[in-house]
Amino acid sequence: MNQQLNQLQTWVQEQGLDVAYISNFTNINYFTNFFQDPEERVTALLVFPDHEPFLFTPALSIEAVHKAGWQYPVFGYLDHEDPFALIAEHIREVNPNPLKWGIEKLDLAVAKFEAIMHEFPQATFPADASLKIQQLQLIKTPQELALMQEAGRQADAAFAAGFAALQAGRSEQAVVAEIEYTMQKMGVMHMSFDTIVQAGVDAADPHGGPEATKIQPGELILFDLGTNNHGYMSDATRTVAFGGEVSAKAKEIFDVCLEAQLTAQAAVRPGITAAALDKIARDVIDKAGYGEYFNHRLGHGIGMSTHEFPSIMAGNDMTLVPGMCFSIEPGIYIPGVAGVRIEDCVHVTETGCEPFTHTPKEFQIIQ
């Protein structure tokens, strides 16, 4: 049993639970090294206090489970079968009447929760496995950091491909296609999220995506991207100018955003709180008069998901410690003018932090 799975079993014992039901496929990957999005089908990891765990998957995934190195039982089901009736049979072989359950309260769908209740109507759910998994994933191991560093190098290559793809009249969507095709030729088959390229005023929408908008000289272009390296993610943002000088206002908000990002990243150290770090970046932007246009948290955790615990934001007084990984991504978004975001994900060291990506952040014009 690997370290992570052993820690989860210990938690099941300490909580006095009869079983833990883990259904988030990223969390299952974390504990088992088996990754597959089941979509509408059912995949689950069942962990007991004093018995070996088992995986339950669609029958068509069983061979992939073995290939992933899973050494414990795996049970499958066919599409016409009731998965929860079969899960219940396998659980009862271990414990005929499991009353106390741990579930991921942040993830378990209501319909699946109701299916569990149908099979085990006397069950109670006193423990939230989501919180325990967050704690386990919070501090990355050296092996995890190595995978994330490689993902960061891949992201740097993706930025280089994106910058090279900029052409007047080429659409944002076409630039995204060039980035992802280049990465696939390098053997990187999965980005960590849908790649974002936004030109000019499009970048003022912080949750927008690439459109058919044609890139024009004299605009800022925002790139937000990352890759999936053996289950571990990178995430970074760069904003560059294309084809010539940009407006004075666009250059001003770029300079302010860059100062906020660099100031916050330099302030990372063990002992500072997430809220204090957010305030450091926000104070720079507030002082410049753009506070109302920085409308999201400073950062989010990262690891096997691009958005993990913890949030780097006001109100979170969690103290940062070595091994934590998170983004630092201030942004300024002025509708009808421009949008700027600059982001590195970092890991906390004994004396500060180290970024996973190293593409220059200073203002540059791509010709």
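Sequential numbering from 1 along the given sequence is applied to the chain's residues.
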May I ask you to decide if [Y]'s main-chain N or O and [X]'s side chain share a donor-acceptor pair within less than 3.5 Å?
| X | Y | result |
| --- | --- | --- |
| W70 | P73 | yes |
| D235 | T306 | no |
| Q9 | H51 | yes |
| E119 | A88 | no |
| N2 | F31 | yes |

Which atom of [X] lies closest to which atom of [Y], heavy atoms considered:
| X | Y | answer |
| --- | --- | --- |
| A338 | A204 | O-CB, 3.8 Å |
| P98 | I91 | CG-CG2, 3.7 Å |
| S327 | E343 | CB-OE2, 3.4 Å |
| A264 | L298 | CB-CD2, 4.2 Å |
| A260 | A281 | CB-O, 3.6 Å |

- Query: Should the pair F363 and F254 be assigned to parallel (<30°), tilted (30 to 60°) or perpendicular (>60°) ring geometry?
  - Reply: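 F363 vs F254 ring planes: perpendicular.
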- Message: Looking at D286 and R282, is any side-chain nitrogen of the basic one under 4.0 Å from a carboxylate oxygen of the acidic one?
- Response: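 Here R282 does not pair with D286 in a salt bridge, since their nearest N and O are not under 4.0 Å apart.
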Side-chain heavy atoms under 4.5 angstrom apart, residues restricted to Ile, Leu, Val, Met, Phe, Trp, Tyr: same cluster for [X] and [Y]?
| X | Y | answer |
| --- | --- | --- |
| I139 | L136 | no |
| V201 | I253 | no |
| I196 | I302 | no |
| I62 | V65 | yes |
| I280 | V340 | yes |

Less than 6.0 Å separating the ring centroids of [X] and [Y]?
| X | Y | answer |
| --- | --- | --- |
| F356 | H347 | yes |
| Y293 | Y333 | no |
| H230 | Y232 | no |

- Message: According to ring pair (Phe, Tyr, Trp, His ring centres under 6.0 Å), who are the partners of F56, at least two apart in sequence or on a separate chain?
- Response: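 F56 satisfies ring pair (Phe, Tyr, Trp, His ring centres under 6.0 Å) with Y77 once adjacent residues are dropped.
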- Selection residues 53-67 - residue pairs positive for side-chain hydrogen bond (donor to acceptor under 3.5 Å, both in side chains), sequence neighbours left out: Q36-S61
- Message: Per the side-chain hydrogen bond (donor to acceptor under 3.5 Å, both in side chains) rule, what does the pair list look like for residues 158-176, sequence neighbours excluded?
- Response: none
- Taking side chain to side chain donor-acceptor pair (under 3.5 Å) as the test, write out the residues that go with D128, two or more places apart.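 In terms of side chain to side chain donor-acceptor pair (under 3.5 Å), with neighbours along the sequence ignored, D128 is linked to S130.
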Partners passing salt bridge (charged side-chain N to carboxylate O under 4.0 Å, His left out) against [X] (at least two apart in sequence or in another chain):
| X | answer |
| --- | --- |
| K361 | D344 |
| E308 | K140 |
| D283 | K279 |
| E150 | R153 |

Could you tell me the separation between the [atom1] atom of [X] and the [atom2] atom of [Y], rounded to the nearest 0.5 Å?
| X | Y | atom1 | atom2 | answer |
| --- | --- | --- | --- | --- |
| E292 | I285 | CD | CD1 | 12.0 Å |
| N27 | Y30 | CG | OH | 9.0 Å |
| L131 | E104 | CG | CD | 11.0 Å |

- Charged tip of K105 within 45° of F125 ring normal and under 6.0 Å: no
- Item | side-chain contact (heavy atoms from CB on, under 4.5 Å) partners for A155, two or more places apart |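 Once residues adjacent in sequence are excluded, the partners of A155 under the side-chain contact (heavy atoms from CB on, under 4.5 Å) criterion are L225, S234, T357.
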- Item | With sequence neighbours excluded, residues passing side-chain contact (heavy atoms from CB on, under 4.5 Å) with T359 | D156, F159, F163, R238
Under 3.5 Å side-chain donor-acceptor pair for [X] and [Y]:
| X | Y | answer |
| --- | --- | --- |
| D205 | Q198 | no |
| E329 | H300 | yes |
| Q265 | Q261 | yes |

Does [X] reach the side chain of [Y], with side-chain heavy atoms less than 4.5 Å apart?
| X | Y | value |
| --- | --- | --- |
| V42 | I87 | yes |
| L17 | P126 | yes |
| N229 | Q154 | yes |
| P38 | F25 | yes |
| T239 | F223 | no |
| Y21 | V47 | no |
| P53 | L45 | yes |
| V19 | V12 | no |

- Task: Identify which one of T43, D107, N29 satisfies the side chain to side chain donor-acceptor pair (under 3.5 Å) criterion when paired with N24.
- Result: D107
- Task: With salt bridge (Lys or Arg N to Asp or Glu O under 4.0 Å) as the test, would you mind laying out the steps for R341 and D224 before giving the verdict?
- Result: CA-CA 9 Å; R341 183 166 63 255; D224 191 349; 2.9 Å; yes
- Item | Verdict with supporting geometry, F48 and D18, side chain to side chain contact (heavy atoms under 4.5 Å, CB included) | CA-CA 6 Å; F48 304 92; D18 295 312; over 6 Å; no
- Message: Tell me whether the count of non-hydrogen atoms from other residues, nucleotides or ligands lying under 6.0 Å of NE2 in H296 goes above 12.
- Response: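 More than 12 within 6.0 Å, yes.
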Name every donor-acceptor pair, under 3.5 Å, that has one atom in a side chain of residues 315-324 and the other anywhere in the protein, sequence neighbours excluded.
| unit_1 | atom_1 | unit_2 | atom_2 | d |
| --- | --- | --- | --- | --- |
| N316 | OD1 | M318 | N | 3.1 |
| N316 | ND2 | S311 | O | 2.6 |

- Dump the intermediate steps for side chain to side chain contact (heavy atoms under 4.5 Å, CB included) on L147 and L145, then the final yes or no. CA-CA 5 Å; L147 290 168; L145 291 175; over 6 Å; no
- What do the steps show when you test R297 against I312 for side chain to side chain contact (heavy atoms under 4.5 Å, CB included), and what is the final call? CA-CA 6 Å; R297 62 191 173 185; I312 309 301; over 6 Å; no
Which donor-acceptor pairs under 3.5 Å do the side chains of residues 212-220 make with protein atoms, sequence neighbours left out?
| unit_1 | atom_1 | unit_2 | atom_2 | d |
| --- | --- | --- | --- | --- |
| T213 | OG1 | D202 | OD2 | 2.7 |
| E219 | OE1 | Q216 | N | 3.2 |

- Task: May I have the step-by-step check of side chain to side chain contact (heavy atoms under 4.5 Å, CB included) for I328 and I342, ending in yes or no?
- Result: CA-CA 8 Å; I328 301 174; I342 302 170; over 6 Å; no
